[in-house]
**Q** 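Input: one structure, supplied below.
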Amino acid sequence: MLGLMQDRPLLISQIIDFAAEYYGDVEIVSRAVEGPVHRYTYRDAHHRAKKLAEALQSLGIKLGDRVGTVAWNGYRHFELYYAVSGIGAVLHTLNPRLSPEHVAYIANHAEDQVIFVDLNLVPVVEAVIGQLKTVRHVIVMTDRAHMPKDSKIANLLCYEELIADKPGTLAWPTFDERTASSLCYTSGTTGNPKGVLYSHRSTVLHSIMMTSGPVLALNPDNTILPVVPMFHANAWGLVYGAPMSGCKLVFPGFRLDGASVYELLDSEDVDVSAGVPTVWLALLNYCEQNGKKLSKMKRTLIGGSAVPHAMISRFWKEHGTDVVHGWGMTEMSPVGTITRFNRGERALPDEQRFEIQAKQGRPVFGVEMKIVDDAGNDLPKDGKASGNLLVRGPWIVNGYMKGEGTAGFTKDGWFHTGDVSKLEPDGSMVITDRSKDVIKSGGEWISTIDLENAAMGHPAVAEAAVIGIQHPKWDERPLLIVQLKAGANAGKQDILDFVKDRVAKWWLPDDVAFVDAIPHGATGKVLKTELRRTFKDYTLPTA
Ligand code: ADP
């Protein structure tokens, strides 16, 4: 017989065991929903996660059962991550910013048995409690003193009481690494949300990838603050990657405005962070208006939407912070590409480096990608051809919960991302559009992302979005929708003149509309569906 390696399963419980044993004194700091800043260590979190696992078992939760959470980034949510998956149940993180219809739909579809809810999110559950078909208990993530006095929900349980008398001595069970560990629904901007089930194996592999040198290069000297919520694709894997690497973890709770995030980044010496562009925009503007500097934050992972060139430049020039631009999807655990400098590129002049960082990045090890035309034929990776982006890899969805959305999968194992992109000879991937946002003008595609990026470089523009408007001759032409920075002034011609120098001539938007606020969805992305509704009767000026 040939020799071979041991076939030990990759399990999430191993991560918290490892952190408790080898990084036991490393801190987890949380801005608690109840108010004060809470501190403890991986050793404490490990013990409490085991107590919670015992409590879950006493509530009858067993292998495969779904446990819902409606919670911000905080230490009790962290404990749930490990306790639920640790006993082989499935952690279902619900996005509290979704509409009540979607929250109810998702909890019922997932067949959540119990729901854990943060104190200030109890109303989210109250709003739908009458519609929940499978939920047996609702547990408020707080102590007895803070429990809501009169709630619409009968028999609310208290988290701290639930775990108080548990010994915390449980030995994590061992099971197949392909067992489901957590569940996250896509945001459902079109149709009903679809469930993506992660496995222990996919989660551990994705987390190792995230910590690796070419990605985030995490080590025990790092302090990480994930602004990206724990209900948004497992906080992009950081809630697993940080304990694996012995990093100090800082959880911001529910206050995500510029001032609150700045204060935590500064007081806790955070050097690595992660979040969507809208959060960082608020932080950059706060710093600008208040003369603050992010002197310690060395890197921030930004994704979920395209990172404007202007943001990359501001982070570097104003704060010395390197932007790691990432692209991914809930369906990809979520990370598929990140800014990775090839040998020698880090030493390039600022502007050339920013060009590389403004692309969506290069694939991480483990993710393969290709582009195809509408008939499914492979297109060249020449940086010119643009097509439908397909991916495959060990942490990419193989099918949605309960067999929905089969059209997204090819017979030979690729997943349709729904993004339209170019693949460049140097390995970079550049998204031109979400396929449903594409503008087709005179038979050619116009990239809304490029136009938005160009407009957001204008000093008076806070945020910009581009949508297609029907046009009698060209089918569609771009309309640029702009939200100006507070107190700033700029007119249509001024902005168009600025954009003109940065994009192909025939891409130039036919008009500019100014709005007070650009609408955002539950995960911080610009809600183009809503903009299309608002501007559905808009007529472009005739030249
Ligand atoms: P949802 O918000 O629908 O749950 P995800 O958070 O999974 O979905 O979003 C995935 C989509 O977000 C991608 O398919 C892509 O269109 C967009 N996206 C994510 N990161 C980037 C990026 N860096 N640049 C451009 N688009 C991005």
Side-chain angles (χ1 to χ4, degrees), residues 93-99 102 106 182-198 206 227-237 274-280 300-309 311-312 323-340 356-364 367 369 371 386 388-391 395-397 400-401 405 408 415-422 428-438 447-453 456 465-466 519-530:
T93 52
L94 286 116
N95 184 338
R97 299 190 186 115
L98 292 175
S99 65
H102 274 163
I106 288 173
S182 64
L183 170 64
C184 200
Y185 279 73
T186 60
S187 63
T189 35
T190 50
N192 273 328
K194 293 192 282 297
V196 177
L197 267 175
Y198 307 100
H206 178 266
V227 181
V228 51
M230 288 164 79
F231 53 75
H232 191 188
N234 297 323
W236 302 347
V276 296
T278 31
V279 173
W280 296 130
T300 181
L301 173 62
I302 315 185
S305 309
V307 185
H309 186 286
M311 179 173 282
I312 295 164
V323 168
V324 181
H325 189 170
W327 164 87
M329 307 177 72
T330 300
E331 289 90 334
M332 299 176 68
S333 295
V335 175
T337 62
I338 47 103
T339 301
R340 186 176 66 241
I356 297 174
Q357 286 166 296
K359 296 174 185 178
Q360 272 64 26
R362 290 166 167 144
V364 295
V367 172
M369 44 184 61
I371 47 173
S386 150
N388 304 303
L389 180 65
L390 270 59
V391 291
W395 51 80
I396 291 166
V397 68
Y400 290 103
M401 177 109 171
F415 170 66
H416 267 280
T417 61
D419 285 334
V420 175
S421 73
K422 292 180 195 166
S428 299
M429 190 272 279
V430 178
I431 297 214
T432 39
D433 254 307
R434 191 91 188 122
S435 56
K436 57 181 187 284
D437 295 336
V438 153
S447 165
T448 63
I449 294 186
D450 279 1
L451 284 174
E452 288 156 4
N453 225 323
M456 281 192 268
V466 173
H520 291 107
T523 50
K525 288 180 223 292
V526 171
L527 266 186
K528 294 214 175 166
T529 40
E530 191 172 321

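Start at 1 and go down the list; that is how both ligands and their atoms are numbered.
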**Q** Should you measure from each heavy atom of T330, which atoms of ligand 1 turn up under 4.0 Å away?
**A** 4 (O), 5 (P), 6 (O), 7 (O), 8 (O)

**Q** Strictly under 4.0 Å, does any heavy atom of H232 approach an atom of ligand 1?
**A**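 It does, in that a heavy atom of H232 comes within the 4.0 Å cut-off of ligand 1.
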
**Q** To check you understand the geometry: which heavy-atom pair defines the closest contact between S421 and M429, and what is its length?
**A**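 Taking S421 first and M429 second, the nearest heavy atoms are CB-SD, 3.8 Å.
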
**Q** With a 4.5 Å heavy-atom cut-off, do M369 and T337 have their side chains touching?
**A** yes

**Q** Would Y185 count as a polar contact of ligand 1, with the cut-off being nitrogen or oxygen pairs under 3.5 Å?
**A** no

**Q** Tell me whether K525 has any N or O atom under 3.5 angstrom from an N or O of ligand 1.
**A** yes

**Q** Is there a polar contact between ligand 1 and T186, counting only N or O atoms under 3.5 Å apart?
**A**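 Between T186 and ligand 1, no N or O pair is found under 3.5 Å apart.
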
**Q** Would you confirm whether K528, through its side chain, and V466, through its main-chain N or O, come within 3.5 Å as a donor-acceptor pair?
**A**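 Answer holds: yes.
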
**Q** What do you reckon, does A306 have a nitrogen or oxygen under 3.5 Å from a nitrogen or oxygen of ligand 1?
**A** yes

**Q** May I ask whether G418 places a heavy atom under 4.0 Å from ligand 1?
**A** no

**Q** Are any of the N/O atoms in G326 less than 3.5 Å from those in ligand 1?
**A**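 G326 vs ligand 1: N/O contact under 3.5 Å present.
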
**Q** Would a distance-only check, ignoring hydrogens and angles, find a side-chain to backbone donor-acceptor pair under 3.5 Å from D433 to S447?
**A** no

**Q** For G304, counting its heavy atoms only, list the atoms of ligand 1 lying under 4.0 Å from any of them.
**A** 12 (O), 17 (C), 18 (N), 19 (C), 20 (N), 21 (C), 27 (C)

**Q** Using a 4.0 Å heavy-atom cut-off, which part of S305 comes near ligand 1: side chain, backbone, both, or neither?
**A** backbone

**Q** Hey, are D437 and T448 close enough side-chain-wise for a donor-acceptor pair under 3.5 Å?
**A** no

**Q** To check you understand the geometry: which heavy-atom pair defines the closest contact between I338 and L301, and what is its length?
**A** CG2-CD1, 4.1 Å

**Q** Would you say V307 has any N or O atom under 3.5 Å from an N or O of ligand 1, going by distance alone?
**A**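 No, V307 has no N/O under 3.5 Å of an N/O on ligand 1.
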
**Q** The criterion is side chain to side chain contact (heavy atoms under 4.5 Å, CB included); which residues satisfy it with K359, sequence neighbours excluded?
**A** E424, D426, S428, V430

**Q** Whether the side chain of T186 engages the backbone of K194 through a donor-acceptor N/O pair (distance < 3.5 Å, no angle test) should be reported.
**A** yes

**Q** Is it true that G328 lies under 4.0 Å from ligand 1, counting heavy atoms only?
**A**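 Contact check G328 vs ligand 1: positive.
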
**Q** Distance under 4.0 Å to a non-hydrogen atom of T523: what atoms of ligand 1 satisfy this?
**A** 2 (O)

**Q** Going by side-chain hydrogen bond (donor to acceptor under 3.5 Å, both in side chains), name the residues that satisfy it together with W395, two or more places apart in sequence or in a different chain.
**A** none

**Q** What atoms of ligand 1 come within less than 4.0 Å of a heavy atom belonging to Q360?
**A** 22 (C), 23 (N), 24 (N), 25 (C)

